[in-house]
Q: 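Sharing a structure with you now.
Being a predicted model, the structure only gives us computed values, none of them experimental. Chain naming here is simple, since letters A, B, ... match the order of the sequence lines and numbering starts at 1 in each.
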Amino acid sequence: MDYQFKEIERKWQKFWAANQTYKVNNTSEKPKYYVLDMFPYPSGAGLHVGHPLGYIASDIYARYKRLKGFNVLHPMGFDSFGLPAEQYAIQTGQHPAITTEENINRYRVQLDKIGFSFDWSREVRTSDPDYYHWSQWIFMQLFNAWYNLASDKAEPIDQLIQHFEEKGSVGIYAVSDEDIREFSPEEWNDFTEEEKQRELLKYRLAYLRESSVNWCAALGTVLANDEVIGGLSERGGYPVEQKKMMQWSMRIVAYAERLLQGLETIDWPDPLVEMQRNWIGKSIGALVNFTTEANKDIEVFTTRVDTIYGVSFIVLAPEHEWVSELTQVEQKAAIESYIEKTKKKSELERMADTKAVSGAFTGSYATHPLTGESIPIWIADYVLAGYGTGAVMAVPSGDQRDYLFAKHFDLPIIPIHDQQNIEQEADPSKDGKYINSDLINGMTYSEAVPFLLEKLEEMHKGKGKVNYRMRDAIFGRQRYWGEPVPVYFKNGLPYLMKESELPLILPEVDQYLPTESGEPPLGRAKNWKYQDQYDYELSTMPGWAGSSWYWYRYMDVQNKEQFVSKSAVNYWHAVDLYIGGSEHATGHLLYSRFWNKFLKDLGYVPEEEPFKKLINQGMIQGRSNFIYRVLDEEGKGTNTFVSYGLKDNYKTNALHVDVNIVINDILNIEKFKASRPEYKDAEFILENGKYHCGHEVEKMSKSKFNVVSPDDIIEAYGADTLRMYEMFLGPLEQSKPWNTNGIEGVFKFLRKFWKLFHDADFNFNISEDKATPAELKALHKIIKKVQEDIDRFSFNTSVSAFMICINELTDLKCNKREILQDLCIVLSPYAPHITEDLWEKLGNQAGTISYATYPIFNPQHLVESEFVYPISVNGKVRMKIQLSLDMEVSEVEEEVLKNKDVQKYLDGKSPKKVIVVKGRIVNIVL
RNA sequence: GCUGAAGUGGUGGAACUGGUAGACACGCAGGACUUAAAAUCCUGUUCGCCCUAAAGCGAGUGCGGGUUCGAUUCCCGCCUUCAGUACCA
C-alpha cells in the first residue's frame with residue numbers, strides 16, 4: 001500500500017491515548033527535562049495554522065530529549081478565564097463556563113490530531129476550582145507577607161507584627177506605602193485592631209490602594225487599556241473616563257532590582273530581555289528638596305544632579321498634591337483652567353501632541369537649595385504625576401523639553417559647562433567643565449556628582465536615589481469570569497478567609513453586567529456573604545493570576561493539600577525550555593518571575609528564575625489572495641474578473657478571495673463559482689487558461705479570507721506533513737506569512753521515505769544485508785546534523801537535511817534495516833506517526849519508538865580520503881582539483897601549481913602568494 | 001525620537017568559527033509516459049554577454065566605503081522594512 005497517512009495517524013493517535021504512551025512520572029533514574037509551551041486561551045475561533053508552530057517545535061524538542069535518555073515533562077493546559085467568554089456571556093446569557101468547556105474540547109480535538117506527546121493526565125485549566133483554589137492560596141500568602149529590605153526578601157507579616165510589638169516601627173526597612181506611621185511598641189499595642197490592620201495594609205505585598213481605572217458609564221463596566229481607543233470604548237465608541245477606585249495591587253516594585261538582576265542569569269532572546277529592562281526602567285539619580293514660602297518642600301527627582309546650577313524654574317505635574325496650595329490668588333483662574341484642560345485630554349492625546357508647549361505659572365517661588373535664589377514654580381502636562389515625584393527641576397540648557405518650555409514662556413536659559421552649544425536646542429552632553437556653577441566650577445561630570453550628593457546630604461537637602469519606571473501592578477478586575485478574591489470586609493477593612501475554606505467558588509449571577517449601583521457583576525450574587533454577614537470582595541483577579549504559577553501545578557496536578565509538593569518541585573525544579581510568543585514579554589513573563597521570586601522567598605520553590613531558556617516563536621501572518629473585478633465605464637462592478645497579469649488593462653477593484661480555493665495563486669474557478677450564488681455566472685479573463693490571483697501579507701483573520709486551519713491541512717496531507725512543513729517554512733523565531741504553496745514538497749518527501757521500506761508494488765521489503773560505506777555515510781551525516789540542529793533550535797535546516805538524506809538513499813536504492821531502523825529514530829521527533837508505524841513493521845514492539853535510543857554518531861563513517869579543492873585565483877573560484885586529504889599543505893601547493901589549467905592562469909609568471917587551507921580551499925594570488 | 005531584529009534568485013529559505021553564494025523545496029520551462037489530462041519520473045532554472053549549444057567572460061547577498069590572499073559573515077557611514085516603546089526628568 002502507498003503511504004496511507006490517514007489510517008496510520010488515526011491508528012497511532014488512538015494507540016498513544018489508550019496506552020498513555022506519554023505519561024511521565026515524578027521519579028526516575030534518568031535526568032529530568034522540562035519542556036513547556038505557553039498555554040493557550042481557548043478562543044471560539046479554534047486553532048489556525050499559526051498557533052501550533054511553537055507547540056510543534058517544543059514537541060520535537062521533547063521527543064528528541066526522550067530519545068536522548070531524559071525523563072521529559074511536557075504538559076499542556078488552558079488559560080481559561082478571560083474576556084471573550086464573558087463578552088459572549090453578556091450578549092447571549094450563556095454561562096462562560098459552558099462556552100469555555102466547548103472551546104477547550106474543540107482545541108483538544110485539534111491538538112490531538114497533530115500528534116503531540118503531551119502528558120494529558122497533567123492538564124490544568126485556570127478556571128477549574130481545583131486549580132484556582134491555589135491561585136487564591138498564593139494571593140493569601142502575598143497578603144500575609146511584606147518585603148524586608150534588610151534581608152532583601154519577602155517575609156511573613158507575623159514577623160513584622162512581632163517586631164512592632166517588641167520594638168515598634170524603629171529598625172524596619174520595608175517596601176511600603178509612603179504614609180507609614182512611626183510608633184513605639186507601647187503605641188502599637190495600644191492601637192485598636194482596626195488601626196493595626198490599616199497600618200499593616202501599607203506593608204502587605206497584596207494591598208488595597210486607590211487607583212484610576214478606565215470607566216465606561218455607557219457600557220457600565222471597567223475597560224482594559226487595549227479596549228480603549230482614542231478615549232472611546234473599542235466596542236460602541238462610548239466615552240471613557242478615568243475613575244478612582246479602591247483596587248487590589250501587587251507590590252511588584254519591591255522586586256524591581258531582583259527582576260532586573262535576574263535577567264543576567266537566564267538564556268532569553270535579547271529583544272525580550274531588553275523589553276523587560278526598559279519596562280523596569282531603572283534610573284540612578286538624586287532627590288533634591290526645593291523649599292517654598294508656603295512651607296511645603298518640593299522634592300524633585302533628577303538623573304542630572306550636576307546640572308543643578310542650571311535650574312531656572314520648577315515644573316509640577318498638574319495633578320501634584322500641592323498645586324492648589326501653591327497657587328496665588330491672581331493665578332488661580334489660569335491654573336484651574338489649565339488643569340481642567342489637561343483632565344479632558346486623554347492619555348493618548350497627551351502623548352500625541354508632544355510638540356505643543358503648554359503650562360501655567362502658579363505665582364509661587366521656591367528657594368534653590370545651593371544658591372538660595374528664588375525660582376518660579378510652574379505646572380505643565382509634560383511632567384507626569386506617576387513618575388519620580390511628579391515634579392522636576394527644569395534645566396533648559398540641558399533638557400530639550402525644558403528648553404522648549406523656557407523659550408515659549410521666556411524663562412532664562414543658563415549654560416552650565418564650557419562645551420555646551422545651546423543656540424538651537426538643549427545640549428545634554430557631560431563632556432565639559434562646569435561654569436556658572438559656584439561650588440563645582442571647573443569640575444568634570446565624574447567629580448561633580450559625588451561632590452554634590454555629599455553636599456546635599458550634609459545640608460539635608462537631597463540624597464542619591466534609584467528610581468524605577470515600573471509601577472505596582474493592579475490586581476483587580478470589575479468583571480465576572482475570573483478568580484474570586486478570598487477576602488471579606490469588616491468595618492471597611494479587608495480580612496482573609498481561612499485556608500481551609502478555599503476554594504472560594506465563583507457564584508452564579510443572573511446577568512454578567514455590573515449592578516445598577518455600579519458594582520461589579522459579583523454584586524448580583526444572591527446570599528453571597530462570608531459567614532452570612534460580611535461582604536466579599538466583588539472584583540475578581542486579572543488574567544495573569546492563573547498564568548503566573550501554572551508550570552508548578554503541572555508537576556503535581558492532583559495534589560489536594562498543596563499547590564505543588566516539595567518532592568515534585570525538588571525533582572522538576574524549573575522549566576528548562578519555554579516556548580511562546582513575544583507578546584507576553586512584559587506581562588505574563590514579568591509577573592511570573594515576580595510570583596516565582598516571592599514563592600522562593602517563602603521557601604515553597606527552589607529556583608530564583610522559573611524559565612531557564614526561552615524561545616520566542618515568530619508570528620505566522622496571513623497571506624491573502626485577491627481577484628480583480630472589472631469595472632464598467634461608470635465605475636460600477638461587473639461580474640467579470642480579470643487575471644492578475646492582465647489587470648492593468650482594465651479598471652478593476654481588488655477583492656479578497658478565500659485562500660482555501662486557491663492553489664499556488666491559481667484560482668479554482670469551479671469552487672469559486674459555487675462559493676456564492678452571485679458568482680454562479682461569473683466570467684473570467686484568463687492568462688494561459690488560468691486565473692492568477694494577486695497576493696499580499698496581512699494579519700491572519702476571517703475578514704481577510706486568509707485563515708488556514710490545521711484540520712484542512714491534516715485532512716489533505718496528514719499531521720506529519722503539517723509538522724514538518726511548519727518547521728520547513730523558516731527559522732522558528734522569525735515571523736513569516738503562511739503559504740501553503742510548497743507543502744507538496746514535504747509530502748513527497750514522506751512518500752519517498754515510505755517507499756524506501758517498500759518495493760514497487762508497495763510490499764514491505766527490508767534487506768538484512770550489511771550497509772555500504774556510502775549508506776552509512778548518509779545515515780551518520782543525518783544523525784550528526786539533526787542533533788546539532790535541534791541543539792540550536794534550527795528545525796528548518798534539519799528538514800532539508802532529511803530530504804537530502806532520503807534523496808541519497810533513494811539513489812543508492814537502500815532498503816537495509818541497519819540504515820532504516822536508525823533513520824526512523826532520528827526522524828521520529830519530526831514525523832512521529834509514520835516512523836512509529838514503520839518501527840512496528842520493522843519488528844519492534846508497537847509504540848516504543850518514543851523511548852528508543854538516539855543512534856550514536858560515528859565520525860569514522862564521514863572520513864574522506866580525497867577532497868575536491870576549489871582553486872581560486874585572486875579570490876575567484878576558477879577550477880576544481882581532486883587531491884588526497886593526506887597531502888600536506890606544501891604538497892598541495894606543489895601539485896596545484898603543476899596543474900595545466902593553473903599554468904594557463906599563471907601565464908609563465910610565479911604567483912605572489914599561495915594560500916592553502918587543508919581540506920577547504922586553495923587561493924592563488926597573482 | 002529611542003531600543004531591538006532583519007534586508008540573499010520569480011517565492012520560502014541555506015551557507016553554523018571569514019574559505020566553492022543560492023543547498024533543500026516551491027514555482028516556471030522543456031521532455032518521458034498517456035488518446036488526453038491528472039499523478040509520476042527525468043532535465044534545466046541568479047542575472048548579463050556571445051545566433052544557439054558547449055566552453056568561456058563579466059556582474060552579483062539593501063547602498064557607499066574599509067580591513068583581508070579571500071567578506072552574505074568583521075568594521076565605519078547611510079537607506080528600507082518589521083517589532084517594541086514613548087514627554088521617564
Side-chain angles (χ1 to χ4, degrees), chain A residues 269-275 277-279 281-283 285-286 300-304 307 315 317 350-357 380-384 386-395 398-402 404-405 428 467-470 582-583 585-586 616 618-619 621 623 664-666 695 697 725 728-731 733-746 748-749 751 785 788-789 791-792 794 796-807 868-880 911-917 919-926:
Chain A
D270 291 341
L272 210 140
V273 169
E274 201 54 30
M275 268 190 246
R277 207 169 269 144
N278 291 339
W279 189 262
K282 180 180 184 176
S283 49
V300 303
F301 176 71
T302 176
T303 53
R304 288 294 301 274
T307 65
V315 190
R350 263 173 91 159
M351 284 195 285
D353 52 34
T354 54
K355 299 264 155 57
V357 176
D381 63 7
Y382 81 83
V383 176
L384 306 176
Y387 184 76
T389 59
V392 303
M393 56 178 224
V395 183
D399 182 284
Q400 185 60 16
R401 291 155 303 170
D402 298 346
L404 290 172
F405 196 86
N467 202 39
Y468 299 94
R469 195 184 74 111
M470 186 170 66
S582 59
E583 66 271 22
T586 49
N616 286 133
M619 271 241 302
Q621 295 142 308
R623 186 180 187 275
N664 285 328
D665 292 336
I666 307 291
H695 64 88
V697 173
Y725 186 61
F728 188 59
L729 272 181
E733 301 196 61
Q734 209 168 289
S735 284
K736 56 232 158 190
W738 175 267
N739 186 350
T740 309
N741 301 355
I743 196 166
E744 292 275 349
V746 173
K748 278 192 233 168
F749 154 76
R751 273 197 65 201
K785 175 74 176 159
E788 281 171 358
D789 282 351
D791 284 343
R792 64 192 172 106
S794 173
N796 55 322
T797 48
S798 19
V799 178
S800 305
F802 279 123
M803 289 174 171
I804 293 167
C805 177
I806 298 306
N807 288 345
V868 181
Y869 278 92
I871 312 298
S872 53
V873 179
N874 288 334
K876 216 154 243 162
V877 176
R878 295 296 177 183
M879 71 209 79
K880 283 159 191 181
K912 276 197 192 121
K913 204 171 180 184
V914 178
I915 286 119
V916 177
V917 184
R920 276 215 185 267
I921 200 167
V922 178
N923 191 13
I924 300 165
V925 186
L926 292 180

Q: Expressed as a whole number of Å, how far does the P atom of B:C75 sit from that of B:U17?
A: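 B:C75 and B:U17 have their P atoms separated by 13 Å.
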Q: Side chain of A:R878 only, heavy atoms from C-beta on: which candidate in B:U20, B:C57, B:C88 is closest?
A: B:C57
Q: Using atom C1' of each nucleotide, how far apart are B:G19 and B:C74 to the nearest Å?
A: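 Straight-line distance between the two C1' atoms is 14 Å.
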Q: Among B:U20, B:A14, B:G70, which is the nearest nucleotide to the side chain of A:N796?
A: B:A14
Q: Quick one: label A:I915 by what it contacts on the DNA or RNA (base, sugar-phosphate, nothing), any heavy atom closer than 4.0 Å.
A: base
Q: Between B:C69, B:U20, B:C87, which one does the side chain of A:R401 approach most closely?
A: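 My answer, after comparing the listed nucleotides, is B:C87.
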Q: Paired with B:C78 by Watson-Crick or G-U wobble geometry, both distances under 3.5 Å: which nucleotide is it?
A: B:G62
Q: Looking at A:Q621, does any N or O in its side chain come under 4.0 Å of the phosphate oxygens OP1/OP2 on B:C82?
A: no
Q: Are side-chain N/O atoms of A:S872 and A:N923 paired as donor and acceptor at under 3.5 Å?
A: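 A:S872 vs A:N923: donor-acceptor pair found between side chains.
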Q: Of all the nucleotides listed (B:A21, B:C69, B:C24), which has the minimum atom distance to the side chain of A:N807?
A: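 Nearest to the side chain of A:N807 among the choices is B:C24.
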Q: Please state how far atom NZ in A:K912 lies from atom P in B:C69, giving the value in whole angstrom units.
A: 11 Å
Q: Mapping A:A801 and A:R469 to their closest nucleotides on RNA chain B, which lands nearer the 5' end?
A: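 Nearest-nucleotide comparison on RNA chain B picks A:A801.
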Q: Measure the distance from CG on A:N874 to P on B:G70 and round it to the nearest whole Å.
A: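 These atoms are roughly 8 Å apart.
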Q: May I ask you to say whether A:K785 pairs ionically with A:E788, meaning some side-chain N is under 4.0 Å from a carboxylate O?
A: no
Q: Quick one: is A:K736 getting a side-chain N or O under 4.0 Å of the B:G12 phosphate, OP1 or OP2?
A: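 No, outside the criterion.
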Q: B:A36 and B:U72: how far apart are their C1' atoms, nearest whole angstrom?
A: 48 Å
Q: Looking only at atom types and distance, does a side-chain atom of A:N664 sit under 3.5 Å from a main-chain N or O of A:N741, one as donor and one as acceptor?
A: no
Q: Partner lookup for B:C57, please. Criteria are Watson-Crick or G-U wobble with both distances under 3.5 angstrom; report none if nothing qualifies.
A: B:G48
Q: Using purine N1 to pyrimidine N3 plus N6-O4 or O6-N4 for Watson-Crick, or N1-O2 and O6-N3 for G-U wobble, each under 3.5 Å, what pairs with B:U85?
A: B:G1
Q: Considering only side-chain heavy atoms of A:E788, which listed nucleotide, B:C88, B:G70, B:C16, is closest?
A: B:C16
Q: Among the candidates B:A89, B:A5, B:A15, find the nucleotide nearest to the side-chain atoms of A:T797.
A: B:A15
Q: With RNA chain B as reference, determine whether A:N739 or A:W279 sits nearer its 5' end, using the nearest nucleotide of each.
A: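 Per heavy-atom nearest nucleotide, the more 5' residue is A:N739.
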Q: Would you mind classifying the nucleic acid contact of A:F728 as base, sugar-phosphate or nothing, using non-hydrogen atoms under 4.0 angstrom?
A: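 Base, at least one base atom sits under 4.0 Å.
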Q: Applying the Watson-Crick and G-U wobble criteria at under 3.5 Å, what pairs with B:A38? Answer none if nothing qualifies.
A: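 WC or wobble partner does not exist here.
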Q: Picking from B:U20, B:C26, B:C16, which would you name as closest to the side chain of A:N664?
A: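 Out of B:U20, B:C26, B:C16, the nucleotide with an atom closest to A:N664's side chain is B:C26.
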Q: Any strand is fair game: report the nucleotide pairing with B:G70 by Watson-Crick or G-U wobble, both distances under 3.5 Å, or none.
A: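 No nucleotide pairs with B:G70.
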Q: Under a 4.5 Å cut-off applied to non-hydrogen side-chain atoms, are A:Q621 and A:N739 in contact?
A: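 Sidechains of A:N739 and A:Q621: no contact.
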Q: Which one is paired to B:G18, where only Watson-Crick or G-U wobble pairs with both distances under 3.5 angstrom count?
A: none
Q: Could you grab the distance from atom CD of A:E744 to atom OH of A:Y725, nearest 0.5 Å is fine?
A: 10.5 Å
Q: What integer number of Å spans the P atoms of B:U40 and B:A54?
A: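 Nearest-Å result for B:U40 against B:A54 at atom P: 29 Å.
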Q: What does A:P731 touch in the nucleic acid at a heavy-atom separation under 4.0 angstrom: a base, only the sugar-phosphate, or nothing?
A: sugar-phosphate
Q: Take the protein atom CG of A:D270 and the nucleotide atom P of B:G84, then report the distance between them rounded to whole Å.
A: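 Spelled out: CG on A:D270 to P on B:G84 is 18 Å.
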Q: With rounding to the nearest 0.5 angstrom, report the OG1 to CE distance, A:T586 to A:M470.
A: 11.0 Å
Q: Would you say the side-chain atoms of A:S794 and A:T797 include a donor-acceptor pair closer than 3.5 Å?
A: yes
Q: Using a heavy-atom cut-off of 4.0 Å across all strands, would you classify A:K748 as base, sugar-phosphate, or nothing?
A: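 Sugar-phosphate: the residue A:K748, judged by heavy atoms under 4.0 Å, touches backbone atoms but no base.
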Q: With both distances kept under 3.5 Å, what pairs with B:U43, Watson-Crick or G-U wobble?
A: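 B:A29 is the nucleotide pairing with B:U43.
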Q: Please state how far atom CD in A:E744 lies from atom C1' in B:A38, giving the value in whole angstrom units.
A: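 After rounding, the reported distance stands at 12 Å.
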Q: Please round to the nearest 0.5 Å and tell me the distance separating atom CG of A:D399 and atom OH of A:Y382.
A: 6.5 Å
Q: Nearest to the side chain of A:K785, which nucleotide is it out of B:A89, B:G19, B:C16?
A: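 Output: B:C16.
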Q: If I take atom CD1 in residue A:I871 and atom P in nucleotide B:G19, what distance separates them, rounded to the nearest angstrom?
A: 17 Å
Q: Please determine, for the side chain of A:T302, which listed nucleotide (B:C69, B:A89, B:A5) has the closest atom?
A: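 Of B:C69, B:A89, B:A5, B:A89 is nearest to the side chain of A:T302.
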Q: Measure from the side-chain heavy atoms of A:I921 and tell me the nearest of B:A5, B:U20, B:C88.
A: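 In terms of side-chain proximity for A:I921, the closest of B:A5, B:U20, B:C88 is B:U20.
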Q: Does B:G9 count as syn, meaning its glycosidic angle lies within 90° of 0, or as anti?
A: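 Glycosidic conformation of B:G9: syn.
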Q: Reckon A:V917 touches a base, only the sugar-phosphate, or nothing at all at heavy-atom distances under 4.0 Å?
A: base
Q: Can you check the A:N278 CG to B:U85 P distance for me, whole Å?
A: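 Going from A:N278 (CG) to B:U85 (P), I get 10 Å.
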Q: Whole Å only: how far is the CE atom of A:M879 from the P atom of B:U20?
A: 16 Å
Q: Answer with yes or no whether A:N741 presents, from its side chain, a donor or acceptor under 3.5 Å of a partner atom in the base of B:C26.
A: no
Q: Quote, to the nearest angstrom, the C1' distance that separates B:A15 from B:A71.
A: 13 Å
Q: Please classify the nucleic acid contact of A:E733 as base, sugar-phosphate, or nothing, using heavy-atom distances under 4.0 Å.
A: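 No contact at all - A:E733 keeps every heavy atom at 4.0 Å or more from the nucleic acid.
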Q: In whole Å, what is the span from the CZ atom of A:R277 to the C1' atom of B:C2?
A: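 Result: 16 Å.
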Q: Could you grab the distance from atom CD1 of A:I806 to atom NZ of A:K748, nearest 0.5 Å is fine?
A: 15.5 Å
Q: Distance check, C1' atoms only: B:C26 and B:U45, in whole angstrom units.
A: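 My reading of the C1' atoms in B:C26 and B:U45 gives 13 Å.
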Q: Could you tell me how far B:A37 sits from B:U20 if I compare only their C1' atoms? Round to whole Å.
A: 43 Å
Q: Between B:U73 and B:G62, how far is it from one C1' atom to the other, in whole Å?
A: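 That atom pair is separated by 16 Å.
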